[in-house]
Structures are given as C-alpha cells and as structure tokens.
Amino acid sequence: MTSDGVSSENYRSITFNGVWSWFSDPRAVYFEGKHRRTYAGWIDNYGDVHVGFYDHKTQKVASTVIYDNLEIDDHDNPSIIFDADGRLLVFFNTHLQDDRPLFMRTSTNPEDISDWSPMKELYLNDTEKYSDSEINRHTYTNPVRLSKENGKLYIFWRGIDLKPSYSVSTDNGKTWSKGEILFIPKEENELKAPYTKVYSDGNSKIHFTFTDGHPTKEKKNGLYYMYYENGAFYKANGQKIKEVSKLPILQEELDVIFESETIKSWNWDIAEDENGNPIVTYVKFPKNDQHVYSYAIFRNDVWQSFDLITVNGWFPETRAKTQEPEPHYAGGITIDHESPNTVYLSVKRDTIFEIEQWTTNDFGESWKVKSITKNSTKNNVRPVSVRGAEKGNPLQVLWLQNTKYIYYAHDTHGKTEAIDFKDRYHTAVKMNLLKPQVDATVTIKNCTKFLREIAESLLENPDDVMSKNEWYACLAYQGLNAFCDVTNETRYKNELRNMEQYQLDETEDLDEEVIDIYYMIWSHTTPKNRKYLQRIETVNSKDFENRGMILPIATWMYAIRNYKTHIAEIDTLRKDFPKVVNLLLNEIKDDSFLEVHPREASLITYILAAGINDNLIDTKHSETVLKIWQQLQENWLSRDFKLDWTESTKGAVLLAGKEVLEIINTKN
C-alpha cells in the first residue's frame, strides 16, 4: 500500500455540516457546460436540504438550502440529475413518515443553484392499485434519464410496503406516471424492506442490484441483479426475465450475486464495464462486527466475486449502555463509474476509518492500494465517487468526516420531539482536494485563507457540551457573523441562521434576572429583547472590572460599537477606553503569553484593531496588531490538527480578523 495519504483535516470541505446515506444517487455529479463544476447534495444536522458545487476553474465552493427544516435524518439526502439544457433536477424525501411525498425542485437557470422552481410534491405511490398496503412512504431517490428513450426520466424509490418502486416522466418531470412496484422478495409473516442500488450510463440500460431485506432485521438475506433495456428486464447474460407490463419481478427470477445460510450482505454500489457488463460492490457480514468488502463482476458469462479486506466493527458511536441498532453500518465502498476497476473504501486502520483507493488490473483478483487519508483523528466514511468525473479530473471522491455519528441521530420516528444539539450527527463532507496553502505572512490573501480555515474548523468541531446561553458561545456566533460580513457567502449565512435558531430555543424561557451581562452584550438576541436592552442602558465601567482585563475590555469595545445609541454613559465609556487599553498593553508585554493563549491574543487584536478602526485609539498600535496577528497565524499553522483551539477562541479570531483586514486595506 502506498502511504502518501494525509489526515482528512487537510482536505477541503464542500460543506462543514452535511450527511448522507448511500441509497440515494447520484449524490455527486461533474457537469461541464458554461462552467466546470462538481455538484453535490446533503442534509445538515438542522434538517436543511442543501445543494452545492465546487468550481474547478475558480476553486470556489458554494451551496444553498432548497428545503428548510425537513427533518434531522441522514436518509433524506438529495439526488441530482441534469436536463438537456443543464438545469439541475433535485429529488429528496423524508424517512419513516407515512403519507409524505417525494420532493422535487428544478433550478431556474442552467448550472445555477441560486434560484429554483417552486417545490413539487410527488405523491407517486399508487394507493388505489395497492389498496391493501400497510405502509405508504417515499424513501430514497434514484433518478435516471435515458437518451435512447427520447430523454424519458425515471425515478426509483422505496415505496408501498417498503418495496422498490418506480415512475416515469416524458415531460422533464412536470408530470409522472402512477408508481409501480418493481421487485418483491420472498415474504412469509412480515414485510421485508429490500435495498436497491441503481446505475445507468444515460443511454438505454439501467442496472439494479437488490437485497431481499435489511441485514439487521432478517435471519438471512442475499444479493441479486437485473437490468432494464427497451421495455423489458434481463439477467446479466441477456436472458429475458419479463416485460415491463408483467411487473413485479420476483426474487427467484433474478440473478444471484451472493446467497448464504449464515452470512448476510448489503449492497453498496453498482456500475458497468466498457462492454456494459455489471460490476457490484457489497459488504458481507460473517459476524455483526466483521465486515468483508467484496467486488463482484459479471465476466465470461458468470458472476465472479472477490473479497478485498475485512474490517472489524461498525463506525457509529454506540450509546452507552445500549446495543448498537445498526451493527452493519460499514464504512462503505464506492465504484469509480468512469473507471470501474477503481473503488474507494472506508477502511478501519487501527481505530480510525480512513479513505483508500483500490485499483485492479485483473478484474478483481489483485489490487493496488493507495491511501487518500492517513493518520486522521476522525472517522472518514461513506465515500461516493463523482459521476461523470473522467480520469484526470482532480475531484474523484467525496466522503463524510465524522466528528460525531450516533446512528442517524433520531430516535423519535414521529419526528415531533426536539433533538438536543449534542445528540445530532456532526459531519463534514470532504473532497479529495487539499486545502490551499497558508503562510504566516500578513497579507489580504493569507489572512482571508486563514479566516476561512478557522471558520470551517469552528463549524466542523462544535463544542456540543457548551451551553448556548453563555458568553463564549455568543462569541463564537459573533465571530462567524463577522466572517459572513467578510465573505458574504450563503453557506456561512445559513449556518449562522441555524445557530440563531438554536440559541434562541435555548434561551427563550430563561429568567432575565440571572442572565450574565456579558452574555447580554454578546448575544445576537439582545437587539430584539427589550429587557436586555433596558439592562444595557445602565452599563458603565464597573461592569467590566470583574474578569481580569482582556475579556472585559473586549466586551467594552463591543458594547461601544454595537450599543452606542442605548448606553446612557456611552461618552464616558468612549473617553475611558484608551486608558484601559494602555493599561492592558503594559500588562501584556511577554510575547510568549500570546503564543500560549490564542483566545486572549485574538481578543487583544480585536480590542486594538477595532479601537483603531473606530478612531478610539492611536493608529500607532497598528504594528502591534499585525505583529500579534502574525503570531496567531504561526500558532495555528504549527499545530497538526488545531482541535485544541476552542469554539470561543475561533470566534475571537474571526471577530478580530475582520478588523485586521480593514487595517491591512488601510495600510495598503
């Protein structure tokens, strides 16, 4: 195995808050038209559905929310397909919710995620035809377009009674046929939930691989295959199974990829080789905590299957004193659909799941292994290959980097109970693109890169034990707010709105009499809270004398700037501010202090830079500001993973960074 991988912390994120399951695809698509972009979709831990892109020319990352507050569940991630004009058609769903539709949105303009058509609710399950059904859900979305059928659009999902279903549209998604069950497994006493993976090259053929049930819920299950072409279904060798008019397909009519009386399995991906023959990746489970990654290829008129590696253990963090509900959640294995002799695996190395690239030149018998991530501090799981990314495209695979993942984070299937932030999944979506290099030289470019790293680290590493009604959580918020002012990017603004919502939920029932004045000054809720504002009216210098010097003076500065029309003694506070700054500078003369205490160094930077920018203190302190800032950048760059910088420290850096950029601009 080659060892050129690096920690996943060193890779760029397309989102710092996003997750997906592996049964809705395509999740990531390369599209080249006016732009060269990779598009992806995910759902965040506030329940917002996102679509984003990475622009290969500008290296810009952008995203937008296409559905706000759907539900907090990783099964709901969107799938993406393009129409002939380059418009995005996006499909997504809820999970375990009866009578909810599939959802569809179309971008108004080609290759543009900023504006969308109204939401379409697709009630595709045919409850009249299947009137005796017990369950009416729409879960998982897999759209396919066939050019040889005049661009007919197919959508596959898990529908009536948990069975693989499909519908077709001949008008680019404006109208849809009634849903029809595609496949029915052998059932005895209880309903089974088959799992489906779908792939098409977009011409005439659609490949399917099914299980006949969930590996955790069935005593045994197997893995099966068929393909569709020109109105009928076939086995891999071309033997016709039946016409579309004769659906559903029965389990005994399918090709068998894998069956066992003792070993369960779960499908992970499906592709085709250059001759149109199917390739399937799956995981076998000799034991619940033993995951065998396998590669199956139809060759010489037979299915051949090869075991790649055995991984011990699932990746979710099992709650204390409970049994893991999903022991078959493997790290995952995805096929490079443009070069299907290459797969991407999430493999447990020591105690951490890492992403690796495995390539075979003899149809699966032997493999060359290359590390993509190595020595990571977090699990890296559920890789997905980018559809349409030909060989040579620098972005080939995306994956989830888990700060925390406990099942899919929602125990209440009714979806009505609130979920505490610490009990949600905390995941970022990484790309196999290294972060831009930053050096400690204080320039606009380096400073902006540094701030972006800090902002994304803040969002990817939430301190979920921190109470959100404390000043240090508010400092993190205000730092991100300042960074939004710098970048004006929608993806950060959305996270800011989510933080506002969460902090408001936690504080709405608190007694104002016991809330700390520091919290009131830093809180984003204060401008709309009459009682908070009444208390701030009486603020004076004595309010900033009880917590050392640095935090009080930073809070003093923030109060002068943001509540100048509310504070009765504002003139006195402005007049006395330079005096306390001079006292502070006399106290803090040792550079080593600033190196050891990045939050305090950041707050000092904020105090001085904001004071200069607001004409409260002399511009001669600009050199001190830039010197401290360079030390901060050096401090950050000298650390391997930066995880010892707290949420409030990163907030302070972001708050200060906005002011530093203004000083650099003025100086230049």
Side-chain angles (χ1 to χ4, degrees), residues 21 23-25 43 47 49 67 70-71 73 75-79 81 89-106 117-144 152-198 206 208 210-214 217-218 226 228 231 233 242-251 253 410 412-416:
S21 72
F23 288 109
S24 289
D25 274 316
I43 186 163
V49 180
Y67 195 112
L70 179 66
E71 66 175 348
D73 193 313
H75 296 63
D76 298 355
N77 66 271
S79 55
I81 197 168
L89 280 64
V90 180
F91 302 83
F92 54 98
N93 56 268
T94 56
H95 179 229
L96 300 176
Q97 294 199 47
D98 285 344
D99 303 319
R100 295 294 300 277
L102 287 184
F103 299 96
M104 174 184 173
R105 296 199 77 176
T106 304
S117 67
M119 186 74 62
K120 290 183 70 71
E121 295 185 344
L122 306 180
Y123 290 91
L124 299 179
N125 288 336
D126 191 342
T127 54
E128 293 183 7
K129 181 176 181 177
Y130 305 106
S131 58
D132 59 347
S133 61
E134 300 176 30
I135 296 173
N136 176 23
R137 297 174 187 161
H138 296 82
T139 310
Y140 307 128
T141 58
N142 291 269
V144 168
K152 183 185 290 185
L153 189 61
Y154 290 78
I155 183 71
F156 300 92
W157 73 96
R158 188 174 73 184
I160 288 282
D161 283 345
L162 308 177
K163 299 303 179 286
S165 303
Y166 85 101
S167 176
V168 297
S169 173
T170 57
D171 53 13
N172 204 38
K174 293 178 181 178
T175 61
W176 294 85
S177 65
K178 286 287 188 179
E180 182 142 9
I181 291 178
L182 184 65
F183 162 63
I184 293 181
K186 295 176 183 177
E187 293 180 327
E188 295 178 358
N189 299 320
E190 296 183 356
L191 294 174
K192 286 185 176 182
Y195 283 79
T196 308
K197 294 294 295 185
V198 181
I206 308 173
F208 303 89
F210 306 98
T211 66
D212 57 328
H214 193 298
K217 297 177 181 178
E218 306 300 333
M226 71 178 187
Y228 163 86
F233 296 91
K242 62 179 56 170
E243 301 282 339
V244 168
S245 60
K246 304 295 184 181
L247 286 173
I249 305 292
L250 303 180
Q251 183 172 332
E253 297 176 307
H410 208 322
T412 54
H413 292 169
K415 310 296 183 185
T416 55

Novice: Listing request: all salt bridge (charged side-chain N to carboxylate O under 4.0 Å, His left out) pairs with a residue in residues 96-106, at least two apart in sequence or in separate chains.
Specialist: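 Qualifying pairs: Asp98-Arg137.
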Novice: Quick one: are Phe183 and Phe208 in side-chain contact, heavy atoms under 4.5 Å?
Specialist: no
Novice: Measure the OG1-CG distance between Thr127 and Asp132 for me, rounded to the nearest 0.5 Å.
Specialist: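 So the OG1 of Thr127 and the CG of Asp132 are separated by 11.5 Å.
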Novice: Please tell me if the side chains of Asp126 and Ile160 come closer than 4.5 Å, counting only heavy atoms from C-beta onward.
Specialist: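 They are not in side-chain contact.
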Novice: Please name all residues satisfying side chain to side chain contact (heavy atoms under 4.5 Å, CB included) with Lys217, sequence neighbours left out, ordered by chain then number.
Specialist: His214
Novice: Check side-chain hydrogen bond (donor to acceptor under 3.5 Å, both in side chains) between Ser133 and all other residues, then give those that pass, not counting sequence neighbours.
Specialist: none
Novice: Could you check if a side-chain atom of Ile155 sits within less than 4.5 angstrom of a side-chain atom of Leu122, using non-hydrogen atoms only?
Specialist: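 Ile155 does not reach Leu122 side chain to side chain.
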Novice: Apply side chain to side chain contact (heavy atoms under 4.5 Å, CB included) to Lys120 and Phe103, showing your working.
Specialist: CA-CA 6 Å; Lys120 290 183 70 71; Phe103 299 96; over 6 Å; no
Novice: Within the 4.5 Å heavy-atom criterion, are Phe91 and Ile81 side-chain neighbours or not?
Specialist: yes
Novice: Gly159 and Asn125: which non-hydrogen atoms are nearest, and at how many Å?
Specialist: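 Distance-wise, the nearest heavy atoms are CA-OD1, 3.5 Å.
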Novice: What closest approach, in Å, do Thr141 and Leu102 show between heavy atoms, and which atom pair accounts for it?
Specialist: CG2-CD2, 3.5 Å
Novice: When you look at Tyr166 and Val144, which way does the side chain to side chain contact (heavy atoms under 4.5 Å, CB included) test go after all the steps?
Specialist: CA-CA 11 Å; Tyr166 85 101; Val144 168; over 6 Å; no
Novice: Look at the rings of Tyr140 and Tyr195 and say which category their plane angle falls in: under 30° parallel, 30 to 60° tilted, over 60° perpendicular.
Specialist: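 Judged by the thresholds at 30° and 60°, the geometry between Tyr140 and Tyr195 is tilted.
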Novice: Once side chain to side chain contact (heavy atoms under 4.5 Å, CB included) is applied, do any residues pair with Ser177, and if so which ones, sequence neighbours excluded?
Specialist: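 With sequence neighbours excluded, Ser177 shows a side chain to side chain contact (heavy atoms under 4.5 Å, CB included) to Ser167, Val168, given in chain and number order.
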Novice: Taking C-beta and beyond as the side chain, do Ile43 and Asp73 meet within less than 4.5 Å on heavy atoms?
Specialist: no
Novice: Are any non-hydrogen side-chain atoms of Phe210 and Ile249 less than 4.5 angstrom apart?
Specialist: no
Novice: Return yes if some donor-acceptor pair links the side-chain N/O of Asp76 with the main-chain N/O of Phe92 below 3.5 Å, else return no.
Specialist: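 Pair absent, no side-chain N/O of Asp76 close to backbone of Phe92.
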Novice: Please report the interatomic distance CG(Leu96) to NE2(His75), rounded to the nearest 0.5 Å.
Specialist: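 Nearest 0.5 Å value for the CG-NE2 distance: 7.0 Å.
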Novice: With sequence neighbours left out, what residues match Glu187 under side chain to side chain contact (heavy atoms under 4.5 Å, CB included)?
Specialist: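 Here the qualifying residues are Lys163, Pro185, Leu191, Lys192.
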Novice: Under the 3.5 angstrom rule, does the side chain of Asn142 hit a backbone N or O of Ser24 as a donor-acceptor pair?
Specialist: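 No, the answer is negative, given that no donor and acceptor are paired below the 3.5 Å cut-off.
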Novice: How long is the straight-line distance from CD of Gln97 back to CG of Leu70, given to the nearest 0.5 Å?
Specialist: 7.5 Å
Novice: Working to the nearest 0.5 angstrom, can you tell me the gap between Leu124 CG and His138 NE2?
Specialist: 4.5 Å
Novice: May I have the step-by-step check of salt bridge (Lys or Arg N to Asp or Glu O under 4.0 Å) for Asp212 and Lys186, ending in yes or no?
Specialist: CA-CA 7 Å; Asp212 57 328; Lys186 295 176 183 177; over 6 Å; no
Novice: Excluding sequence neighbours, so at least two apart, what forms ring-ring contact (aromatic ring centres under 6.0 Å, His included) with Tyr130?
Specialist: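 Expected list: none.
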Novice: Step by step, work out the side chain to side chain contact (heavy atoms under 4.5 Å, CB included) result for Ser165 and Ile181.
Specialist: CA-CA 4 Å; Ser165 303; Ile181 291 178; 4.1 Å; yes
Novice: Answer whether the closest heavy-atom distance between the side chains of Phe156 and Ile206 falls below 4.5 Å.
Specialist: yes
Novice: Whether the side chain of Ser117 engages the backbone of Thr106 through a donor-acceptor N/O pair (distance < 3.5 Å, no angle test) should be reported.
Specialist: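 Side chain of Ser117 to backbone of Thr106, a donor-acceptor pair under 3.5 Å: yes, one is there.
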Novice: Roughly how far apart are Lys129 NZ and Lys178 NZ, rounded to 0.5 Å?
Specialist: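 Between atom NZ of Lys129 and atom NZ of Lys178 there are 11.5 Å.
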Novice: Under the 3.5 angstrom rule, does the side chain of Glu121 hit a backbone N or O of Pro101 as a donor-acceptor pair?
Specialist: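 Checking the backbone N and O of Pro101 against the side chain of Glu121, no donor-acceptor pair under 3.5 Å is found.
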Novice: Roughly how far apart are Asn136 CG and Tyr123 OH, rounded to 0.5 Å?
Specialist: 9.5 Å
Novice: Classify the side-chain pair Ser169/Asp171 by whether it contains a donor and acceptor separated by less than 3.5 Å.
Specialist: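 Yes, a side-chain donor-acceptor pair sits under 3.5 Å.
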Novice: Quick one: does Glu71's side chain have a donor or acceptor within less than 3.5 Å of a partner on His95's backbone?
Specialist: yes
Novice: Measuring only between side-chain heavy atoms, which start at C-beta, is Tyr228 closer than 4.5 Å to Met226?
Specialist: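 No, too far: nothing below the 4.5 Å cut-off.
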Novice: Please report the C-alpha distance between Asp161 and Ile184 in whole Å, then the side-chain angles of each, then the deciding distance to 0.1 Å, and finally whether the side chain to side chain contact (heavy atoms under 4.5 Å, CB included) criterion is met.
Specialist: CA-CA 10 Å; Asp161 283 345; Ile184 293 181; over 6 Å; no
Novice: State whether the number of non-hydrogen atoms from other residues, nucleotides or ligands found under 6.0 Å of Lys174 atom NZ is greater than 12.
Specialist: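 Counting other residues, nucleotides and ligands, NZ of Lys174 stays at 12 neighbours or fewer.
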